[in-house]
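We're numbering straight along the sequence, starting at 1.
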Amino acid sequence: MSSTTVTTGTDAPRQPSGAAARRSGPGFLAGPVGRNLGLVVALVVLCVVGTATAPDRFLDVDNVLTILRGAAVIGVVSIGMTFVIIGGGIDLSVGAIVALSSVWATTLATQAMAADFHWIVMVVTALLVGAGCGLVNGIVIAYGKLVAFIATLAMLAAARGLAEIIANRRTQIVQDRDFLAFFSGDVLGVPTLVVIFALVAVAGWVLLNRTTFGRRTFAVGGNAEAARLAGIRVQRHTMWLYVLSGVTCGIAAVMLMARTTTGSSTHGTLYELDAIAAVVIGGTLLIGGRGTIVGTVLGVLIFTTLGNVFTLNNLSSSAQAVARGVIIVVAVLLQMRLATGSFSLRRLGRGSDGGSPPAPAGAAGTVSGGATPGGPGGPAPGATTDRP
């Protein structure tokens with residue numbers, strides 16, 4: 001496929017014509033609206049199954065709120081994971097960071113400071129610990145050139161171990177009643193934890209789809225070299241993506257502390273797998289460059305609802321794990337099929353017509369306020385956002 005020069009102003013990029021356009025143009029289901037509609041249908045089917053198998057319990061208001069509360073904590077972590085994966089990375093340390101943040105925020109020293117000043121000290125501590133861990137991940141990966149899988153795996157072990165040392169392998173109880181009262185309350189009948197999840201999701205959507213930071217995230221994940229040639233500081237941006245993931249882990253730690261009234265080194269166990277699964281189910285490509293926040297939220301709700309249906313029907317956790325595994329495999333296969341027209345990821349780099357990879361947009365044209373695919377003012381070539 002030949003490269004396209006992008007001009008300044010409001011001129012739209014020229015689209016390929018003829019047979020190339022017919023081959024490369026994504027269908028409705030390959031777009032964000034189509035994929036999100038499929039997720040909505042899957043969620044509705046799960047709700048129908050839950051209603052049919054447990055009619056008296058599934059539709060109960062308390063059960064619906066239970067599903068939403070269960071989705072809130074892992075949902076916040078998944079929002080941060082979405083940014084990292086769209087940016088071409090992976091973070092296996094999110095569960096351990098949640099544990100370390102919860103332990104550090106509930107130490108006797110931290111709670112004493114909170115008693116003397118305000119419970120906000122505990123919240124700030126959790127956020128700073130999460131951001132600090134994310135910063136270490138980002139520096140090691142972006143500037144130390146260590147593979148993200150290895151760097152975050154090392155952080156997983158180190159953060160979990162440090163949490164055990166600080167807590168002395170004991171569960172720390174949250175003593176501040178005002179902290180618990182605030183986060184255990186509700187806003188117009190909606191639990192505060194669910195409200196926090198909604199606010200984080202909205203903030204994530206705006207950041208990803210309405211800011212330069214989000215457009216650069218798509219560019220870096222789609223083609224890091226093209227992004228660099230377009231003037232994006234790829235290393236610094238990658239570092240900030242992991243800091244953002246760490247901050248969401250800190251928020252999740254605060255929510256978990258309020259929900260369980262404890263800080264523990266066992267918090268967040270397997271959160272990394274749940275978050276990655278929700279992001280993948282939501283349509284984000286594991287190789288980066290494409291993804292949506294709406295899809296991630298729907299993916300979290302699908303997994304949480306699935307677990308609730310299994311629980312209401314007294315099915316074993318082992319069967320639930322098998323079902324999750326099957327869903328993940330099917331979702332990845334569908335991603336490859338919709339993105340490339342085949343069950344192979346190789347064609348993503350060449351385009352669906354089998355041509356050469358797109359040329360770096362920053363080198364092909366001049367950008368001055370226009371939306372350039374692959375450049376700082378626009379998404380990476382072929383990037384998928386929440387916008388139709």
Side-chain angles (χ1 to χ4, degrees), residues 27-79 81-82 85 189-191 193-202 204-205 208-209 252 271 273-286 290-313 315 317 319-335 337-339 384-388:
F28 175 74
L29 290 178
V33 176
R35 285 198 301 272
N36 291 341
L37 181 61
L39 293 173
V40 171
V41 171
L43 183 59
V44 170
V45 169
L46 279 176
C47 292
V48 171
V49 172
T51 303
T53 56
D56 297 333
R57 293 174 293 170
F58 183 80
L59 293 180
D60 186 74
V61 175
D62 290 337
N63 185 62
V64 173
L65 293 179
T66 298
I67 294 175
L68 294 177
R69 288 192 192 96
V73 178
I74 189 61
V76 170
V77 175
S78 299
I79 297 297
M81 184 71 78
T82 303
I85 294 180
V190 180
L193 297 184
V194 178
V195 173
I196 294 174
F197 175 35
L199 292 176
V200 172
V202 171
W205 186 92
L208 186 64
N209 296 287
Y271 270 21
L273 301 183
D274 291 339
I276 293 173
V279 172
V280 170
I281 290 297
T284 299
L285 289 180
L286 281 173
R290 300 184 186 186
T292 67
I293 297 298
V294 172
T296 295
V297 172
L298 291 173
V300 171
L301 291 176
I302 285 174
F303 270 129
T304 308
T305 304
L306 176 67
N308 183 262
V309 171
F310 270 66
T311 300
L312 291 179
N313 288 278
L315 297 176
S317 58
Q320 181 179 338
V322 172
R324 285 180 177 235
V326 171
I327 291 173
I328 292 171
V329 171
V330 172
V332 173
L333 289 175
L334 286 176
Q335 277 188 16
R337 178 65 181 176
L338 294 175
T384 301
T385 70
D386 287 311
R387 291 169 290 182

[atom1] of [X] to [atom2] of [Y]: how many Å apart, nearest 0.5 Å?
X: Ile74; Y: Met81; atom1: CD1; atom2: CE; answer: 8.0 Å
X: Ser78; Y: Asp274; atom1: OG; atom2: CG; answer: 8.0 Å
X: Ile293; Y: Asn209; atom1: CD1; atom2: CG; answer: 7.5 Å
X: Thr305; Y: Leu43; atom1: OG1; atom2: CG; answer: 5.0 Å
X: Leu199; Y: Ile79; atom1: CG; atom2: CD1; answer: 11.5 Å

Which heavy atom of [X] sits nearest to which heavy atom of [Y], and what is that distance?
X: Val309; Y: Asn313; answer: O-ND2, 2.7 Å
X: Leu193; Y: Ala72; answer: O-CB, 3.6 Å
X: Leu39; Y: Gly282; answer: CD1-CA, 3.8 Å

Determine whether [X] and [Y] make a side-chain contact, defined as any pair of heavy atoms from C-beta on separated by less than 4.5 Å.
X: Pro191; Y: Leu65; value: yes
X: Leu286; Y: Ile85; value: yes
X: Val280; Y: Leu285; value: no
X: Trp205; Y: Val297; value: no

Whether [X] side chain and [Y] backbone form a donor-acceptor pair below 3.5 Å:
X: Asn63; Y: Phe58; answer: yes
X: Arg69; Y: Val194; answer: no
X: Asn308; Y: Thr304; answer: no

Tested for side chain to side chain contact (heavy atoms under 4.5 Å, CB included) against Val44, the lone hit among Val48, Val41, Leu46 is Val48
Audit row: Val73, Tyr271, side-chain contact (heavy atoms from CB on, under 4.5 Å) steps and yes/no: CA-CA 10 Å; Val73 178; Tyr271 270 21; 3.7 Å; yes
Are Thr284 and Thr82 linked by a side-chain donor-acceptor pair shorter than 3.5 Å? no
